Amino acid sequence: MATDQTMHGVPPSLSARVVGSFAYLTVRDRLPTILTKVVDTIHRNKNKFFEEYGEVGIQAEKQAISLLSKLRNELQTDKPVLALTDGLPDTDSWNQYLERQQRLQGDQEPVSWFKSPWLYVECYMYRRIHEALLLNPPISDFDVFNEGKTQSFTESSQAVMSLCTYLEGIKNNIDELSKNPLFEHFSKLMQVSLWGNKCDLSISAGQENSQKTSPLDSLYSLLPFILVDDTKRVWSALISAQRPRDSGKNNADRVDIVLDNAGFELVTDLVLADFLVSSGLARQIHFHGKSIPWFVSDVTANDFQWTIRQAMATNHKWVSKCGVQWQRYLKEGMWCYHDHPFWTQPHEFCDMAADAPDLYTTLQGADLVLFKGDLNYRKLTGDRDWEHTVSFETALRGFGPAPLCSLRTLKANIQVGLQPGQGEKLTSQDPSWMTSGKYAVIQFHNPKSE
Ligand SMILES: O=P(O)(O)OC[C@H]1O[C@](O)(CO)[C@@H](O)[C@@H]1O
Ligand SMILES: [Mn+2]
């Protein structure tokens with residue numbers, strides 16, 4: 001079998017093997033910091049565990065912390081990646097993936113934190129955090145990242161209010177809007193959802209990272225930072241998917257949103273989804289979230305429900321109105337939430353058709369799939385060392401269940417689909433352009449137009 005490095009025409013995976021690279025710095029600095037914070041969080045909740053479960057709770061807290069300290073030590077000393085032992089439905093698949101990595105890497109050296117693909121070892125860390133808790137009932141369900149996620153929502157309250165007020169304003173006369181103003185609103189809300197991706201907690205190793213001001217006010221000044229803007233192509237895909245309905249209204253059947261972070265970013269996604277449905281641009285929205293706590297701030301089912309309940313209970317006319325509406329969409333089936341285990345596995349998305357065919361089939365039912373955030377971009381492009389001028393289509397390596405669009409602020413050193421010279425120019429102006437979260441892309445691919 002070809003090794004990762006020699007696979008025909010495909011560049012190697014990014015890896016901490018390259019000393020000084022962003023992957024290296026993440027594995028060396030950011031990941032251990034995240035693990036230390038996880039340990040602190042569990043320790044701070046000791047009294048809560050005691051109150052809820054008595055002495056057993058304290059024992060579980062100690063045991064989980066000891067497993068996590070061991071994990072941090074394995075990482076920092078570049079030990080081999082170990083098989084999982086927790087017997088969850090996805091355990092076998094993780095262990096098979098480890099064997100696959102070992103085959104790709106050859107027998108010379110074991111799969112390990114600094115020698116193997118960054119995407120794989122980073123995903124594996126979050127799965128091991130989950131294992132440490134899972135092996136310690138009664139605290140198995142404790143979401144170590146919950147505090148940060150709820151805090152990010154609470155601290156963004158001003159921005160949430162202005163966004164919900166804006167949405168309710170549009171909805172007032174939405175039925176009378178002609179195509180042009182509708183497109184303008186669509187484009188704005190896509191950008192709000194795009195910049196919402198700045199607010200993730202993983203890149204800042206869990207430091208507070210919320211949206212304090214109204215996101216709408218800064219859209220114009222942020223335009224030059226959108227390196228690829230395919231909004232018009234996304235719009236055309238939505239419009240061309242429109243089909244006649246009994247109601248006389250035309251709309252695309254289904255838009256899927258592969259969610260990224262909870263807190264402010266999730267609100268921007270809900271607002272965009274509300275706009276798509278209430279404008280008739282889409283009839284149904286399927287949200288895809290994570291089934292375990294993931295990359296510090298990613299949305300789980302619990303975060304999703306909590307956010308909507310929180311919006312409903314907010315003492316602000318338009319925010320609570322939005323919350324009530326979102327709950328209604330869910331109840332009436334116009335919106336639904338799924339969390340397939342594949343989203344919390346380390347695979348490149350080009351493997352989805354073979355390794356999670358049911359999910360691939362599900363996505364094929366969408367007229368458009370929006371992929372939020374940096375990690376999804378890394379998985380779309382395989383987290384490989386592509387030239388910047390390689391097309392998005394090439395980097396997708398055949399992944400294309402439906403027309404798809406990545407809404408991503410750049411937080412990892414990978415970017416494809418740029419103009420010749422664009423990457424070099426950016427590097428000379430701002431060497432950290434790929435990792436600072438300051439730049440973004442709205443990058444579209446339509447497999448049907450090939
Ligand atoms: O929430 P996002 O946008 O997927 O970003 C998570 C980020 O965490 C990192 O993996 C760093 O640990 C970034 O490279 C990555 O983009
Ligand atoms: Mn994330």
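This one's a predicted model, so the numbers in the text were calculated from it and none came from an experiment. Start at 1 and go down the list; that is how both ligands and their atoms are numbered. Numbers here simply count residues along the sequence, with the first being 1.
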- Query: What N/O/S atom of D260 is the closest to the Mn ion (ligand 2)?
  - Reply: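 Answer by atom name: OD1.
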
Give yes if a backbone or side-chain nitrogen or oxygen of [X] is under 3.5 Å from a nitrogen or oxygen of ligand 1, and no if not.
X    : value
D298 : no
N376 : no
W118 : no

- Residue Q429 excluded, over 12 heavy atoms near CD under 6.0 Å: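 It does: Q429 CD has more than 12 such atoms within range.
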
- Look at the N, O or S atoms of S297, main chain and side chain alike, and state whether any lies under 2.8 Å from the Mn ion (ligand 2).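 No, since none of the N, O or S atoms of S297 sits under 2.8 Å from the Mn ion (ligand 2).
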
- Query: Hey, is the Mn ion (ligand 2) within less than 2.8 Å of some N/O/S atom on D298?
  - Reply: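 Checking the Mn ion (ligand 2) against D298, an N, O or S atom does fall under 2.8 Å.
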
- Query: In Å, rounded to the nearest 0.5 Å, how long is the span from CD1 of I129 to CG of D143?
  - Reply: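 With rounding to 0.5 Å, CD1 (I129) is 10.5 Å from CG (D143).
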
- Message: With rounding to the nearest 0.5 angstrom, report the OH to CG distance, Y126 to D298.
- Response: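 It comes to 8.5 Å.
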
Looking at [X], which atoms of ligand 1 are within less than 4.0 Å of one of its heavy atoms?
X    : answer
N261 : 1 (O)
A412 : 14 (O)
T26  : 12 (O)
F295 : 10 (O)
N197 : 3 (O)
L375 : 2 (P), 4 (O)

Quick one about [Y] and [X] (side-chain donor to acceptor, distance below 3.5 Å, no hydrogens or angles considered), yes or no?
X    : Y    : answer
S13  : D383 : no
D90  : W94  : yes
E155 : Q151 : yes

- Between T435, D374, L25, L14, flag the one that comes closest to atom 16 (O) of ligand 1 by a heavy atom.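 Closest candidate by heavy-atom distance is D374.
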
- Task: Return yes when E265 approaches ligand 1 closer than 4.0 angstrom through a heavy atom, no otherwise.
- Result: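 Under 4.0 Å: no for E265.
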
- Taking the six-membered ring for Trp, are H388 and W433 ring centroids under 6.0 Å apart?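 Centroid distance H388-W433: below 6.0 Å, so yes.
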
